[in-house]
Protein chains: 2
Amino acid sequence: MKKITIKDIARKLDITPSTVSRALADNSRISPKTRAKVMETAKKMGYEPNVIAASLRKGTSDTVGMIVPGINRSFFSNVISGVEEMLNNAGFNLIISQSNENLKKEKLAVQTLMQNRVGAVIMSLSVQSSGHSHIKKMVKRGIPVVQFDRVASDIPGPKIVNDNFTGAYVSVKHLLENGFKRIVHFSGSLGINVYKERMEGYKAALEEAGMEFNERFVFENSIIRETGKRNVEIALNKLGADAVFSSGDFSALGALEKLKEMGVSVPEEFGVSGFANEPFAELMHPTLTSVEQNPREMGNRIALAIIKKLKGDEEDENIVIPVDLIIRESSMRIKS
Amino acid sequence: MKKITIKDIARKLDITPSTVSRALADNSRISPKTRAKVMETAKKMGYEPNVIAASLRKGTSDTVGMIVPGINRSFFSNVISGVEEMLNNAGFNLIISQSNENLKKEKLAVQTLMQNRVGAVIMSLSVQSSGHSHIKKMVKRGIPVVQFDRVASDIPGPKIVNDNFTGAYVSVKHLLENGFKRIVHFSGSLGINVYKERMEGYKAALEEAGMEFNERFVFENSIIRETGKRNVEIALNKLGADAVFSSGDFSALGALEKLKEMGVSVPEEFGVSGFANEPFAELMHPTLTSVEQNPREMGNRIALAIIKKLKGDEEDENIVIPVDLIIRESSMRIKS
DNA sequence: TTGTATGCGTTATCAG
DNA sequence: CTGATAACGCATACAA
């Protein structure tokens with residue numbers, strides 16, 4: 001089972017490899033007749049292009065690399081599916097890497113992708129990501145870099161993000177409307193755009209309602225289950241809080257668990273609202289109010305942006321994907 | 001920012017590219033002195049190997065491809081993490097593709113990986129997978145193929161699977177011990193090894209208890225949420241069942257939801273047990289008994305098998321990863 | 001519209 | 001131990 005190359009099919013047709021190459025590439029000026037002939041015998045002989053050789057020659061490829069913090073989060077795995085769907089249809093391939101929120105692994109992933117001459121890179125920054133010199137390196141090499149969700153403004157290129165501000169604003173407003181008055185906020189690192197924006201949405205909703213914004217009510221780096229547990233207790237006992245708007249579902253989950261353990265009833269005595277609409281949000285007891293980020297749509301838009309870039313478009317799109325507040329039991333005191 | 005190559009470093013050291021290549025490759029007979037010198041200036045000049053060129057020359061690469069049905073399932077995403085962890089440490093890269101349980105996409109993924117000259121492939125078959133000619137093609141090309149979870153015995157190569165039989169057997173035995181007497185089984189396609197084995201475990205546990213195995217109690221192709229809902233109602237109303245052992249957590253979830261809707265109390269009136277130990281299993285109400293497949297360990301073992309193969313080992317390992325029954329509320333009538 | 005020649009960066013073979 | 005040379009398969013600048 002020998003691999004057959006353009007040479008083989010050239011020999012068979014008694015033409016040169018260049019002609020075959022051009023016929024296969026379609027775009028060049030080539031007589032329709034020979035093109036047809038080439039196509040036909042290529043198929044007949046079972047020709048499969050050697051993309052490696054093409055990459056070496058062209059210095060780039062039709063493969064797109066994607067780096068995400070972790071594929072085990074519903075948001076990211078759905079974004080990936082959205083990207084893949086669109087990219088495959090357009091004839092590009094996708095290869096996926098995880099950074100595990102770790103700068104070292106992120107750098108390694110970048111290096112690997114560059115070494116494999118991907119045509120473009122899609123990425124969402126890891127928590128630890130800083131400096132971004134490894135990413136700027138790609139940009140300098142001329143590799144289109146499309147950022148999504150967690151983005152850095154000092155890196156050029158298209159950016160696709162959620163409307164985090166509004167998601168937070170609407171969430172907090174909803175809590176206020178349900179009579180919660182002392183709402184704390186569980187945030188991620190405020191150095192990251194998404195958490196900063198959600199914090200600002202939180203702040204805006206409070207101020208609009210004539211309530212003062214208290215820095216002590218913001219728990220930074222509190223987006224995992226454990227911190228949710230720990231901090232909801234502090235919020236309740238030390239700050240007299242009666243609700244939490246969390247920037248992530250996992251810390252909201254932790255909060256719910258701790259509250260149950262403490263015998264505090266939700267939503268009667270304490271309101272909880274999360275972000276990301278993880279699958280478990282609707283399965284818990286009580287069910288968890290959360291913000292749906294429409295990751296699949298985001299994935300599609302990312303893919304479109306990448307494709308435009310790969311086609312040489314200079315413009316850098318900045319796309320904002322709307323979010324939807326999904327109201328469930330954990331925050332709903334007023335039945336409508 | 002020009003890419004520097006082995007030629008550049010050869011020129012600088014006034015030696016030939018071949019020597020540089022050998023020094024970098026380490027293994028050949030080369031004087032320690034020149035090796036050290038090459039290594040040093042390579043680092044100093046910021047040399048990064050062009051793996052594409054190497055792949056073209058060698059016809060293979062240090063990149064491993066992995067095809068899974070879907071990354072949004074806890075089991076698969078954890079297996080991936082386990083593989084990645086080990087593979088990265090050994091200096092290999094991993095690229096991931098999803099088949100979405102679709103034969104066409106599976107074939108496309110195989111083609112893409114072959115075109116990209118991956119050194120080896122890890123895969124778990126999609127539900128639709130049949131014939132396997134696309135996979136055998138890889139084997140014929142000399143690409144090591146390691147299968148896991150859903151495997152086909154007609155494809156040679158190492159196979160890493162769970163002890164599905166025991167997982168099922170222990171689950172059903174546990175249900176019996178808790179006084180459930182009419183246990184139905186939600187299965188996937190019985191053409192797939194994992195579901196077949198689990199069915200046999202179910203059967204064995206029943207027979208051991210002196211109960212007859214009834215084919216009507218097995219619901220094939222019932223592993224998604226919707227079928228779980230539909231079939232639990234049938235099981236209850238038409239078959240007088242009092243428990244279900246499901247081959248997947250999603251149909252167990254559907255069953256729990258439907259039972260709640262119908263006002264049937266779990267586990268008092270009906271027992272439910274799942275498979276895979278999805279994250280939501282411990283979050284539901286009642287919490288769901290399930291089988292932990294230890295996917296991370298499985299991933300590690302897969303990686304080790306691949307590495308052995310890549311090093312030219314001829315032996316085909318068949319590894320069975322043990323499972324653990326996680327007993328939770330949905331099946332526990334007898335408190336211990 | 002087609003052919004000719006060259007090179008992408010690396011490694012393997014053969015000599016020395 | 002090191003050097004020279006060729007080749008992996010393809011795409012393109014240039015010539016015809």
Side-chain angles (χ1 to χ4, degrees), chain A residues 1-39 41-42 45-63 111 114-119 141-143, chain B residues 1-39 41-42 45-63 111 114-119 141-143:
Chain A
M1 190 140 182
K2 221 192 132 276
K3 280 251 48 165
I4 79 138
T5 73
I6 55 172
K7 276 188 189 170
D8 300 317
I9 117 157
R11 218 181 341 255
K12 170 151 282 178
L13 262 54
D14 207 42
I15 52 178
T16 62
S18 340
T19 308
V20 176
S21 171
R22 281 190 279 251
L24 259 19
D26 198 61
N27 60 343
S28 282
R29 51 280 153 87
I30 213 101
S31 91
K33 214 172 65 184
T34 51
R35 191 216 306 291
K37 212 175 283 183
V38 168
M39 288 302 199
T41 57
M45 297 179 72
Y47 169 73
E48 279 176 32
N50 184 331
V51 298
I52 293 290
S55 298
L56 178 60
R57 178 64 236 255
K58 293 194 293 191
T60 183
S61 75
D62 283 349
T63 297
Q111 198 191 1
M114 282 204 306
Q115 283 182 355
N116 283 283
R117 297 297 183 275
V118 293
R141 287 261 171 83
I143 303 172
Chain B
M1 190 139 181
K2 219 192 132 279
K3 279 251 48 164
I4 79 137
T5 73
I6 55 172
K7 279 187 188 172
D8 299 317
I9 118 156
R11 218 180 342 253
K12 171 151 283 180
L13 261 54
D14 208 41
I15 51 180
T16 62
S18 334
T19 309
V20 176
S21 173
R22 280 190 281 250
L24 258 19
D26 198 60
N27 60 343
S28 284
R29 54 276 151 89
I30 210 100
S31 92
K33 214 172 68 184
T34 50
R35 191 216 306 291
K37 213 175 281 183
V38 167
M39 289 301 200
T41 57
M45 296 178 75
Y47 168 73
E48 279 176 33
N50 185 331
V51 298
I52 293 289
S55 298
L56 178 60
R57 182 63 237 253
K58 294 194 291 192
T60 183
S61 75
D62 283 349
T63 297
Q111 197 192 1
M114 282 204 306
Q115 284 182 355
N116 283 282
R117 298 296 184 277
V118 293
R141 287 263 172 82
I143 303 172

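The sequence lines fix the lettering, A, B, ..., with proteins before strands; numbering per chain opens at 1. The figures here come from the full heavy-atom set of this structure, side chains too, leaving out hydrogens, waters and symmetry mates.
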In chain order, what residues pass the side chain to side chain contact (heavy atoms under 4.5 Å, CB included) check against [X], with sequence neighbours excluded?
{"X": "Thr63(A)", "value": "Ser61(A), Asn93(A), Ile95(A), Val118(A), Asn116(B)"}
{"X": "Ala53(B)", "value": "Leu56(A), Asn50(B)"}
{"X": "Lys12(B)", "value": "Met45(B)"}

Just how far, in rounded Å, is [atom2] of [N] from [atom1] of [X]?
{"X": "Ile52(A)", "N": "dC8(C)", "atom1": "CD1", "atom2": "P", "result": "18 Å"}
{"X": "Arg57(B)", "N": "dA7(D)", "atom1": "CZ", "atom2": "P", "result": "10 Å"}
{"X": "Lys37(A)", "N": "dT2(C)", "atom1": "NZ", "atom2": "C1'", "result": "14 Å"}
{"X": "Ile6(B)", "N": "dG7(C)", "atom1": "CD1", "atom2": "P", "result": "16 Å"}

Requested in this report: Can you measure from CZ (Arg22(A)) to CZ (Arg35(A)) and round to the nearest 0.5 angstrom?
Outcome: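 Answer for the CZ-CZ pair, Arg22(A) versus Arg35(A), is 12.0 Å.
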Query raised in the report: Among all residues two or more places apart in sequence or in another chain, which pass the salt bridge (Lys or Arg N to Asp or Glu O under 4.0 Å) test with Asp62(A)?
Result: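 Scan of Asp62(A) (salt bridge (Lys or Arg N to Asp or Glu O under 4.0 Å), adjacent residues dropped) gives none.
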Query raised in the report: Starting at the 5' end of DNA chain D and moving along, which residue's nearest nucleotide shows up first, Pro32(B) or Leu56(B)?
Result: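 Comparing both residues, the 5'-ward one is Pro32(B).
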Query raised in the report: Closer to the 5' end of DNA chain D via nearest nucleotide, is it Pro49(A) or Thr34(B)?
Result: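 The answer here is Thr34(B).
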Pairwise N/O distances under 3.5 Å, protein to nucleotides 13-16 of chain D:
unit_1, atom_1, unit_2, atom_2, d
dA13(D), N6, Arg22(A), NH1, 3.3

Looking at residues at least two apart in the chain, or sitting in another chain, which of them share a side chain to side chain donor-acceptor pair (under 3.5 Å) with [X]?
{"X": "Thr19(B)", "result": "Thr16(B)"}
{"X": "Thr34(B)", "result": "Ser31(B)"}
{"X": "Glu48(B)", "result": "Lys137(A)"}

Would you say [N] has OP1 or OP2 under 4.0 Å from some side-chain N or O of [X]?
{"X": "Thr16(B)", "N": "dG3(D)", "answer": "yes"}
{"X": "Thr19(B)", "N": "dG3(D)", "answer": "yes"}
{"X": "Ser21(A)", "N": "dA11(D)", "answer": "yes"}

Query - Closest approach of Ile30(A) to Ala23(A) (non-hydrogen atoms, all atoms of both residues) - result: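 Looking at all heavy atoms of both residues, the shortest contact is CD1-N, 4.2 Å.
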Query raised in the report: Which angle, to the nearest 10 degrees, lies between the helix axes at the two ends of the helix from dT1(C)-dA16(D) to dG16(C)-dC1(D), each defined by five pairs?
Result: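 That helix gives 40° between its end axes.
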Requested in this report: Tell me which nucleotide among dG3(D), dC10(D), dT12(D) gets nearest to the side chain of Ile15(B).
Outcome: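 Looking only at heavy atoms from C-beta outward on Ile15(B), the closest nucleotide is dG3(D).
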